[in-house]
Amino acid sequence: MDIKKVMVIGAGQMGSGIAQVCAQSGFDVFLNDMSEQALEKGMKNIEKLLMRAVEKERITETQKTDTLNRLHPSTTLTDAASCDVVIEAVVENMEVKAKVFAELDNITPKHAILASNTSSLPITEIAGATSRPDQVIGMHFMNPVPIMKLVEIIRGLQTSDETYQTIENMAKQLAKTSVEVSDLPGFAANRILMPMINEAVFALYEGVASVEDIDTVMKLGMNHPMGPLTLADFIGLDTCLYIMEVLYEGFGDSKYRPCPLLRKYVNAGWLGKKSGRGFYQYGD
Ligand code: NAI
């Protein structure tokens, strides 16, 4: 399939990044959000990032203008009626996503592929909300989208080879490297990353080493660009806990039990960088 028009739903952290990368790669893009305020913020954010890219001479002024001209803000899903691919990046909630997919199923042309950027919800279940499960697929981008090279492409139980090929080609057009992943809890990225972060929290909880020293071990000992506790603060401790719970429930294996210290911090409202406190303190 020749993809011309794309809709990205959700203009938050991920959706705005995905829309930016799609527009920069030459696709005509609707960026949709049900909140006008969020949409405005998302569009402003893209403009700011593109301006910075011009300043750093990574793109030209003309490329910036062309990219912005290909981006169309949208507050109604009916705009998806002219789209070949829709990438959903709304809140991580099955009920909300299922509703969006059911609506898209009614609105989009028959050939359209419906993709989800979910980081933990089963693609097979999302596909169940539509009458075209063979054209539903996971497209899991990493944060921040314009910088991170990886896309996990997740095959739901009924995803067709044709759908997979189209999305794999699209990822190439977006200058991303994709990996093929099957629809199991945590996919591949979070299946590996989150237990490592959880184990780092256990090491802290059991007094093995201090916060700083645990991070130093992984940075200088394993050459990770960032220690696991710093990374957890960046991702958000609530998100880390949520994904550990998905793994724990999905596999029923005690090796995925969330560390009690992680839960305690989340209960206290220590959610990491976004709340000003996690394993480290931020701001004043
Ligand atoms: P966010 O909270 O920054 O943005 C979500 C946006 O969706 C908000 O602007 C909200 O107004 C909008 N929205 C909610 N319901 C909607 C609806 N029915 N129709 C249209 N817009 C709607 O969330 P974020 O972080 O961008 O995450 C979005 C998705 O991406 C989630 O599924 C998340 O799991 C996934 N993800 C997040 C990553 C991250 O590091 N934040 C990394 C990879 C995936």
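One-based numbering, in listed order, for ligands and for the atoms of each.
- Under a 4.0 Å heavy-atom criterion, K97 is in contact with ligand 1.
- Between D238 and K274, at least one side-chain nitrogen of the basic residue sits less than 4.0 Å from a carboxylate oxygen of the acidic one, meeting the salt-bridge criterion.
- Ligand 1 places these atoms under 4.0 Å from at least one heavy atom of A38: 9 (O).
- Salt bridge annotation for K97-E92: present, with a cationic side-chain nitrogen under 4.0 angstrom from a carboxylate oxygen.
- The nearest protein atom to atom 12 (C) of ligand 1, hydrogens excluded, is given as D33 OD2, 3.2 Å; this is a heavy-atom distance.
- Between R132 and D105, at least one side-chain N (NZ, or NE/NH1/NH2) sits under 4.0 Å from a carboxylate O, which counts as a salt bridge.
- The distance from ligand 1 to the heavy atoms of F141 drops below 4.0 Å at these ligand atoms: 43 (C).
- Atoms of ligand 1 found under 4.0 Å from any heavy atom of H140, numbered from 1 in the order shown, are 43 (C), 44 (C).
- With a 4.0 Å heavy-atom cut-off, ligand 1 is reached by the side chain of N143 but not by its N, CA, C or O.
- Inclusion of S119 in the set of residues having an N or O under 3.5 Å from an N or O of ligand 1 is warranted.
- With hydrogens and angles left out, the side-chain atoms of D215 and H224 include no donor and acceptor closer than 3.5 Å.
- The protein heavy-atom contact nearest to atom 33 (C) of ligand 1 is E92 OE1, 3.6 Å.
- Between A98 and A129 the shortest heavy-atom distance is O-CB, 3.5 Å.
- With a 4.0 Å cut-off on non-hydrogen atoms, I235 does not touch ligand 1 at all.
- Distances between N or O atoms of Q13 and those of ligand 1 include at least one value under 3.5 Å.
- No more than 12 heavy atoms of other residues, nucleotides or ligands lie within 6.0 Å of OH in Y205, so this atom counts as exposed by the packing criterion.
- Within the 4.0 Å cut-off (strictly below), a protein heavy atom is located near atom 9 (O) of ligand 1.
- Considering I9, N93, V8 only, the shortest heavy-atom separation from atom 19 (N) of ligand 1 involves I9.
- For atom 23 (O) of ligand 1, no protein heavy-atom neighbour is present inside the 4.0 Å cut-off.
- Residue, atom and distance of the protein heavy atom nearest to atom 1 (P) of ligand 1 are G12 CA, 4.0 Å.
- Within a 6.0 Å radius of CD in E36, other residues, nucleotides and ligands contribute 12 heavy atoms or fewer.
- Looking only at heavy atoms of the protein, atom 5 (C) of ligand 1 is closest to A89 O, 3.8 Å.
- In this structure, G272 and L237 approach most closely via the heavy-atom pair N-CG, 4.1 Å.
- Between V90 and ligand 1, a contact under 3.5 Å exists for at least one N or O pair.
- Scanning all heavy atoms of the two residues, the minimum distance from T230 to M226 falls at CG2-CG, 3.7 Å.
- Side-chain contact, T67 with Q24: no donor N or O sits under 3.5 Å from an acceptor N or O.
- Contact check on E103 versus K99 returns a salt bridge, with a Lys/Arg side-chain nitrogen under 4.0 Å from an Asp/Glu carboxylate oxygen.
- The nearest protein atom to atom 27 (O) of ligand 1, hydrogens excluded, is given as M14 CG, 4.0 Å; this is a heavy-atom distance.
- A salt bridge is absent between E55 and R52; no separation between the charged side-chain nitrogens and carboxylate oxygens falls under 4.0 Å.
- For T118, no nitrogen or oxygen atom sits less than 3.5 Å from a nitrogen or oxygen atom of ligand 1, counting backbone and side chain alike.
- Against a heavy-atom cut-off of under 4.0 Å, N32 is close to the following atoms of ligand 1: 20 (C).
- Distances from atom 35 (C) of ligand 1 to the heavy atoms of V91, N117, I87, I18 show the closest one on N117.
- Nearest to atom 15 (N) of ligand 1 among the protein's heavy atoms is M34 CE, 3.6 Å.
- Remark: ligand 1 atoms within the under-4.0 Å shell around heavy atoms of V100 are 18 (N).
- For D33 against A11, the heavy-atom pair with the smallest separation is OD2-N, 2.7 Å.
- Counting all heavy atoms, side chain and backbone alike, G269 lies closest to S275 at O-OG, 3.2 Å.
- For a threshold of 3.5 Å applied to N or O pairs, the pair formed by S35 and ligand 1 contains no separation below that value.
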